[in-house]
Amino acid sequence: MANIMIRRGDNGALSFYLPKKDLEDDIVSLEFDTPERWGGELVLKDGSRWYFDPLETQPRLPITVKAKRMGGEDD
Amino acid sequence: MAALTREETEALIQEVLEVYPEKAKKDRTKHLAVNDHEANAKKCITSNRKSLPGVMTIRGCAYAGSKGVVWGPIKDMIHISHGPVGCGQYSRAGRRNYYVGVTGINAFGEMNFTSDFQERDIVFGGDKKLAKLIDEIEELFPLNKGISVQSECPIGLIGDDIEAVSKKATAKFGKTVVPVRCEGFRGVSQSLGHHIANDAIRDWVIGNRDAKEFASTPYDVAIIGDYNIGGDAWSSRILLEEMGLRVVAQWSGDGTLAEMENTPKVKLNLLHCYRSMNYISRHMEEKYGIPWVEYNFFGPTKVEESLRKIATYFDDTIKEGAERVIAKYKAMMDAVIAKYRPRLEGKKVMLYVGGLRPRHVIGAYEDLGMEVVGTGYEFAHNDDYERTVKEMGNATLLYDDVTGFEFEEFVKKVKPDLVGSGIKEKFIFQKMGIPFRQMHSWDYSGPYHGYDGFAIFARDMDMTLNNPCWKTQTPPWKKNDDAAPLAAAA
Ligand code: SF4
């Protein structure tokens, strides 16, 4: 589990930031992105996948959440 | 020399890598790349990794990133280099962060404060000494607004509790005393030091005035990540003020503690050096809802773009203000370009610097008709290269944490007309007869930001590149060969 920050980037897309590794990347898909449910699995441009428990509302961005890295190569 | 093709550049990288032992070669391969607009930066270049033992690297340490870069320029605070004397003394005043104030009275930028650790302090701990040092500072320099304790390597190794000492001192003097855990061994370069310094500001400074009244205006902004090298922040600030914005804070060149504390009251954070201060900008965005925008004040094209981009966050008065500023300086910029472009047109530049410069200055060179054919960062992360790939021409060279050997070989083969890098590279290239600008502290010149800065930038590049000295300079060993008959005749 690691803290990640999600914000809206200049291009309007969601962007992902992992402070511990100073890793920034675009989010290409987010599992739930509706007014009632927001979160779940997200996929980054580099292909890696992360998961965080969905929230019940659309939060004000940026927001820091605890997320888990799913599968993929680990470094 | 004509620009290299993709194949030639790839071959060049291979050729340079050839001398390394197998393992080193494998590692360094990942840090050298041919720019490709189509590729994902992460796939094509690896960054922010530990330097290879045995090679010459140009990197600094976390302490350098925190004390030297982020905290050091805050002029009304005293920054204690906590540990042995060398770390602070050898880096003292090296960055030319200009400031106004009377040094030693109400400003302390060029001074070196250190706890000067001796063996005894390592064995028995240095907390008492630190407390005493803070007492002395209060007595000798009562106009300081706060103190930061910048840890050098031994502090983390012997497990001193600088947090406790700082808290006690804060209570005793009613001043901000910030412990910073930026021991040099943390991380792979100065980059982690920036991050640690940002986190310390977040934890000890940013919220200090949350409850205080502040007479704000709708046009309040803060300059984040401008270190006022040679006056850079000043030549940026006047443009922002001319377009109608109110600059509440400068981080951290010519900056003060109060400015940092007031920053959460602004409407927009203007981020120049993304690498060293994106952290605090992200924090303020999340906690206070303050958006941040990256900008680039090198060269008229980028200044113009940036002024317009900044203006989009505000109403029409500011948008008009931006146009007014652009129009006002147009004639001056045209004159600068008319004068210098013919002297510099088509010249090739190779850069190797840190922070934002390897990509930010490209536009300024292009305004002068020059081309950047190779660039690289000392301590960048992947997101920096993402931003760089777009700025550089296809098939140009990218090198991350380049080694002394690689850089020399690249320069020998690519034969640029100008190299821009640091003091450690300067004399090697100058002796090779290659025009060189020291691009960390602007070679004791500057400012280079903004419109005024560009005029100086253009003059400096011309002065260096077209200096007749390069042609007359032959290294002694070569001179012996060619000039032998002459010498014999004499
Ligand atoms: S690595 Fe450690 S000892 Fe060296 S300059 Fe940095 S803090 Fe000082």
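Here is how names work: the chains are called A, B, and so on, in the same order as the sequence lines, proteins then strands, and each is numbered from 1. We use all heavy atoms of the structure for the numbers below, so side chains are in, but hydrogens, waters and symmetry mates are not.
- Judged by distance alone, the side chains of S276(B) and Y227(B) do bring a donor and an acceptor atom under 3.5 Å apart.
- Using bins of under 30°, 30° to 60° and over 60° for the plane-to-plane angle, the ring pair Y288(B)/H283(B) lands in the perpendicular bin.
- Ion pairing of E286(B) with R282(B) is absent here, as no side-chain N (NZ or NE/NH1/NH2) approaches a carboxylate O to less than 4.0 Å.
- The aromatic rings of Y279(B) and H195(B) lie parallel to each other, their planes meeting at an angle below 30°, with 60° marking the opposite boundary.
- The contact list for residues 35-44 of chain A toward chain B, using heavy atoms and a distance under 4.5 Å, is empty.
- For D199(B), no part lies under 4.5 angstrom from a heavy atom of chain A.
- With respect to the salt-bridge test (charged N to carboxylate O, under 4.0 angstrom), the residues D220(B) and K265(B) do not qualify.
- Using a 3.5 Å distance cut-off with no hydrogens or angles, the side chains of S51(B) and D401(B) do pair a donor with an acceptor.
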